[in-house]
Amino acid sequence: MILRRHIHKLLSQYYQQPQNAVVGSIQSDAIDFKNLLGEWHWRRTFSKLYKEQAGQWLTPVELFRPYYSQILANCIAREANDATRVDIIELGGGRGTNARCILDHLQQHHPDVYKGTQYTIMDSSPTLLELQRDVLLKKSPDHERVVQLKQIDMMDVAERRVNFLEKSNVLTIVVAMEMLDNLPHDKITVCSKTGTILQTNLLQNNEVYVPLEDELLSKIIDTYPSYVPVQGYSWIPSVATQMLTRLFEERPNAGIIFADFDYLPPPDVVSTSTHTRLSRRADGEPLVTDMNDVDHECYLTSPPLCDVLFPTDFEALQGYIIATMEETLQDKDNLRPWDVRIHKQSGFLESFGQNQVEETKSRWSGYTPILEDFSNCSVINVSRLDSR
């Protein structure tokens, strides 16, 4: 079995847990940003909220609600400023908070964009889809006309087992917040003796390295040879890259806003961790964490129901996107040129949301957690050059 399918199995089990076990939430007024006394006060407030809520993770969307999502809405509105219709696709919708806040902001502040909006959440988790249905359709009936929810797995999209999007030139903006880190990856290396590229298969819970034969991996390497490591082993975002390939094939007039971790620390291995490593270390090594927030040395020896988080190499992803767009859009002369840009998350938020950033700034210390926390996150933004 090729490695990504084992990673997919682990992640599927993790996200099939009850909805509140994974993605946490807080009350919208739980943080008094204006009266934070500095970074120490923010850290103490965050730690208290984290312990009180039931989920394993608190994302920026939830922590900085509604400001973070309003900034995304500003970016979307700028991109869609002259479009009569825009399809917004959110991959991995979490609790539905992001979609609700984006739609609220578009409706209130960019009504012309909202009027032509169709918003679709695609998620593989049935429990999270049910929560999204409650948040977006039952509690926000104003948005029922524009919202669709679809259960679809990006693994199936990447391996072309399911339909993804209807082919269209309509302006499409794909949003994904901390989704790349949870997409299955593959691992490759190069044989030092023969120069042959080797893929990683899993046999009886051990990694086995065999000559590259997987069609999906071969396509990635043909498109962007820089993914092949000069030495050692490397994790490849095989599902993310092939999902993007399909996106630009089916929606050549598509932009993206993807935010995720550009760095993850090594595991904080403690006495309750599994210390045995069966897998080869590789560039882009994932962080494996169980439901008790204990890190483990290796995805092959970790206990059940662990999160497997991969850092994103944004420069490599940028290179892959550019190469893919050159292949798929070369005959689309009627489409406008696109810009593929990487921002540190703080820079992106300042560029598109000065007012929202100001709302999270302490009046006493000037500390602004929406900018100064999550410093290990970046945003990749594909946008039309003339929309800037």
Side-chain angles (χ1 to χ4, degrees), residues 60-61 64-91 93 97-122 136 140 142-148 165-177 244 247-248 250-259 318 321-322 325 328-329 332-360 370-371 378-388:
V61 164
F64 305 117
R65 181 176 57 169
Y67 307 115
Y68 189 98
S69 300
Q70 288 177 354
I71 295 171
L72 298 177
N74 290 339
C75 182
I76 291 168
R78 182 183 298 189
E79 187 67 35
N81 60 1
D82 61 349
T84 57
R85 176 184 164 190
V86 56
D87 283 2
I88 304 172
I89 312 293
E90 184 173 2
L91 304 179
T97 304
N98 194 41
R100 181 177 181 177
C101 292
I102 287 174
L103 289 169
D104 284 348
H105 193 68
L106 291 177
Q107 186 180 43
Q108 295 166 19
H109 298 280
H110 305 282
D112 289 343
V113 174
Y114 180 82
K115 184 170 61 176
T117 292
Q118 179 68 53
Y119 200 111
T120 303
I121 291 181
M122 296 184 176
L136 283 165
S140 305
D142 286 355
H143 302 316
E144 186 173 1
R145 177 188 63 82
V146 302
V147 171
Q148 292 184 56
L165 298 165
E166 292 183 3
K167 289 193 174 183
S168 171
N169 280 345
V170 69
L171 176 63
T172 302
I173 299 174
V174 182
V175 177
M177 302 294 107
L244 285 163
L247 170 65
F248 295 121
E250 296 168 15
R251 295 293 176 100
N253 203 19
I256 67 170
I257 310 168
F258 288 3
Q318 179 188 45
I321 289 172
I322 291 170
M325 294 181 84
T328 59
L329 305 184
K332 309 291 193 303
D333 295 333
N334 60 322
L335 297 177
R336 305 184 214 187
W338 292 81
D339 179 48
V340 186
R341 189 169 301 191
I342 301 168
H343 312 255
K344 286 298 289 185
Q345 181 167 269
S346 58
F348 174 85
L349 297 174
E350 284 188 297
S351 295
F352 292 97
Q354 291 183 352
N355 293 337
Q356 286 77 19
V357 167
E358 192 65 27
E359 288 296 320
T360 72
I370 199 171
L371 298 181
S378 290
V379 178
I380 188 162
N381 180 210
V382 176
S383 63
R384 296 177 297 175
L385 285 171
D386 57 358
S387 71
R388 292 187 171 278

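Because only heavy atoms are used, hydrogens play no part in the values below, and waters and symmetry mates are left out as well, while side chains stay in.
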Residue from Ile321, Asn381, Leu91 passing side-chain contact (heavy atoms from CB on, under 4.5 Å) with Ile256: Ile321

Contact summary for Ala73 and Leu106, nearest pair of heavy atoms: O-CD2, 3.7 Å

Side-chain touch Arg251/Val170, heavy atoms, less than 4.5 angstrom: yes

With Val146 via side-chain contact (heavy atoms from CB on, under 4.5 Å) - residues at least two apart: Leu103, Tyr114, His143

Under 3.5 Å, sequence neighbours excluded: what are the donor-acceptor pairs made by side chains of residues 344-355?
from: Lys344; atom 1: NZ; to: Asp262; atom 2: OD2; distance (Å): 2.7
from: Lys344; atom 1: NZ; to: Ser375; atom 2: O; distance (Å): 2.8
from: Gln345; atom 1: OE1; to: Tyr68; atom 2: OH; distance (Å): 2.8
from: Ser351; atom 1: OG; to: Gly347; atom 2: O; distance (Å): 2.9

Validation row: Glu166, Glu250 side chains within 4.5 angstrom (heavy atoms): no

Nearest-0.5 Å distance, SG of residue Cys101 to OH of residue Tyr67: 10.5 Å

Contact summary for Ile121 and Ala99, nearest pair of heavy atoms: CD1-CB, 3.9 Å

Heavy-atom closest contact (Gln356 atom, Ile71 atom, distance): CB-CG1, 3.7 Å

Glu358: salt bridge (charged side-chain N to carboxylate O under 4.0 Å, His left out) partners, not counting sequence neighbours: none

Gap between atom CD of Glu79 and atom CD1 of Ile173 - 0.5 Å precision: 5.0 Å

Reported CD-to-CG distance for the pair Gln148 and Asp87, which is rounded to 0.5 angstrom: 8.5 Å

Approximate separation, where rounding is to 0.5 Å, of Ile89 CD1 and Thr172 OG1: 6.0 Å

Pairwise side-chain contact, Phe258 with Val174, heavy-atom cut-off 4.5 Å (strictly under): yes

Rounded distance [0.5 Å steps], OG in Ser69 versus CZ in Arg100: 11.5 Å

Smallest separation among heavy atoms of Met177 and Val175, with atom names: CE-CG1, 3.6 Å

Rounded distance (nearest 0.5 Å) linking atom CG of Asn253 with atom CZ of Phe248: 10.5 Å

Considering all heavy atoms, the nearest Asp82-Arg384 contact: OD1-NH2, 3.3 Å

CA sep, side-chain torsions, deciding dist, call: Asn81, His110, side chain to side chain donor-acceptor pair (under 3.5 Å): CA-CA 9 Å; Asn81 60 1; His110 305 282; over 6 Å; no

Min side-chain heavy-atom separation Asp104-Gln70 under 4.5 Å: no

Contact check, side chains of Tyr119 and Ile102, non-hydrogen atoms, under 4.5 Å: yes

